[in-house]
Amino acid sequence: QVQLVESGGGLVQPGGSLRLSCAASGNIFSINVMGWYRQAPKNERELVATIRSGDDPDYADSVKGRFTIARDYAHNTVYLQMNSLKPEDTAVYYCHCLGFYDSNSIPKRFDSWGQGTQVTVSS
């Protein structure tokens with residue numbers, strides 16, 4: 001079906017920046033939504049940012065003004081630029097994608113998650 005491969009996580013000091021990338025591959029017919037979620041220890045997975053085809057992006061209140069999501073439609077890739085990082089941003093970040101894949105010329109819905117990438121903000 002559709003696979004998502006993430007990259008770009010790591011360790012950064014408070015106030016620093018990181019850029020996450022997520023590339024979707026497979027028999028993709030169309031992508032409707034790409035986004036990022038995160039899960040900190042002992043917390044539930046929460047929405048960080050999403051971007052729908054043709055719409056403005058949505059952000060969690062906690063990251064507005066600091067994070068920017070962007071899509072490369074030609075390469076089925078989504079990015080998350082994270083600036084002014086805080087310790088409370090520490091989490092595993094997951095890429096998420098909704099759309100349709102080509103199954104013998106029949107579009108079928110997919111709902112895929114990446115494997116997750118660790119982001120740690122600490123001095």
Side-chain angles (χ1 to χ4, degrees):
Q1 297 187 10
V2 178
Q3 298 78 39
L4 304 180
V5 178
E6 302 146 341
S7 61
L11 172 64
V12 64
Q13 292 186 343
S17 297
L18 281 175
R19 187 188 193 215
L20 305 182
S21 301
C22 172
S25 63
N27 292 331
I28 297 171
F29 183 79
S30 65
I31 292 177
N32 301 120
V33 184
M34 296 191 84
W36 292 93
Y37 289 71
R38 67 186 181 187
Q39 187 168 15
K42 301 181 181 179
N43 286 0
E44 293 188 354
R45 191 172 297 189
E46 63 175 3
L47 172 70
V48 176
T50 60
I51 184 166
R52 295 179 178 271
S53 299
D55 281 352
D56 292 333
D58 292 322
Y59 296 96
D61 288 342
S62 59
V63 306
K64 283 181 181 177
R66 300 187 297 120
F67 291 10
T68 302
I69 188 170
R71 270 180 70 176
D72 179 344
Y73 288 84
H75 295 95
N76 293 327
T77 300
V78 65
Y79 303 96
L80 185 69
Q81 177 66 43
M82 304 184 292
N83 298 329
S84 302
L85 282 160
K86 305 175 181 180
E88 50 263 44
D89 294 318
T90 295
V92 177
Y93 284 70
Y94 295 91
C95 179
H96 180 242
C97 185
L98 288 170
F100 292 86
Y101 70 96
D102 187 342
S103 176
N104 296 320
S105 300
I106 299 174
K108 291 191 176 181
R109 188 177 298 274
F110 73 86
D111 183 343
S112 295
W113 291 89
Q115 78 282 1
T117 185
Q118 177 70 46
V119 171
T120 302
V121 185
S122 175
S123 55

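Both backbone and side-chain heavy atoms feed into the values below; hydrogens, waters and symmetry mates do not.
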*Could you list all the disulfide bond (SG atoms under 2.5 Å apart) pairs where at least one residue sits in residues 36-68, not counting sequence neighbours?*
none
*asked:* According to ring pair (Phe, Tyr, Trp, His ring centres under 6.0 Å), does anything in residues 47-69 pair up with another residue at least two apart or in another chain? List the pairs.
replied: none
_ring pair (Phe, Tyr, Trp, His ring centres under 6.0 Å) contacts touching residues 104-123 (sequence neighbours left out)_ = Tyr37-Trp113, His96-Trp113
_With a 3.5 Å distance limit and no angle check, can you tell me whether Ser112 reaches the backbone of Val2 through a side-chain donor-acceptor pair?_
yes
*Backbone N or O of Val121 within a donor-acceptor pair of the Thr90 side chain at under 3.5 Å?*
yes
_Check: Arg71 and Pro57 side chains under 4.5 Å, non-hydrogen atoms_ = no
*Considering only heavy atoms from C-beta outward, does the side chain of Trp36 approach that of Cys95 to under 4.5 Å?*
yes
Just to verify, what does [X] make a side chain to side chain donor-acceptor pair (under 3.5 Å) with, not counting sequence neighbours?
| X | result |
| --- | --- |
| Asp72 | His75 |
| Arg66 | Asp89 |
| Glu46 | Arg38 |
| Gln1 | none |

_My understanding is that only residues two or more places apart in sequence, or in another chain, count here; which of them pass side chain to side chain contact (heavy atoms under 4.5 Å, CB included) with Ala70?_
none
*Go through the structure and list residues passing salt bridge (Lys or Arg N to Asp or Glu O under 4.0 Å) with Asp61, not counting sequence neighbours.*
Lys64
Non-hydrogen atoms of [X] and [Y] that approach each other most closely:
| X | Y | value |
| --- | --- | --- |
| Gly35 | Ile69 | CA-CD1, 4.0 Å |
| Cys97 | Met34 | SG-CG, 4.0 Å |
| Val119 | Gly9 | CG2-CA, 4.2 Å |
| Gly114 | Glu6 | CA-OE2, 3.3 Å |

*According to a 4.5 Å side-chain heavy-atom criterion applied to Ile, Leu, Val, Met, Phe, Trp and Tyr, with indirect links allowed, do Tyr94 and Val78 form part of one hydrophobic cluster?*
no
Kindly list each side-chain donor-acceptor pair under 3.5 angstrom involving residues 12-32, sequence neighbours excluded, with atom names and distances?
residue	atom	partner	partner atom	Å
Ser17	OG	Asn83	OD1	2.9

*Does atom CZ of Arg52 have more than 12 heavy-atom neighbours, drawn from other residues, nucleotides or ligands, at distances under 6.0 Å?*
no
*Within a radius of less than 6.0 Å around CD of Glu88, do more than 12 heavy atoms belonging to other residues, nucleotides or ligands occur?*
yes
*Residue pairs passing the salt bridge (charged side-chain N to carboxylate O under 4.0 Å, His left out) test where at least one lies in residues 92-113, sequence neighbours excluded*: none
Let me confirm one number: the [atom1]-[atom2] distance from [X] to [Y], rounded to the nearest 0.5 Å.
| X | Y | atom1 | atom2 | answer |
| --- | --- | --- | --- | --- |
| Ile51 | Leu80 | CD1 | CG | 11.0 Å |
| Asp58 | Thr50 | CG | OG1 | 4.5 Å |
| Ser62 | Lys86 | OG | NZ | 8.0 Å |

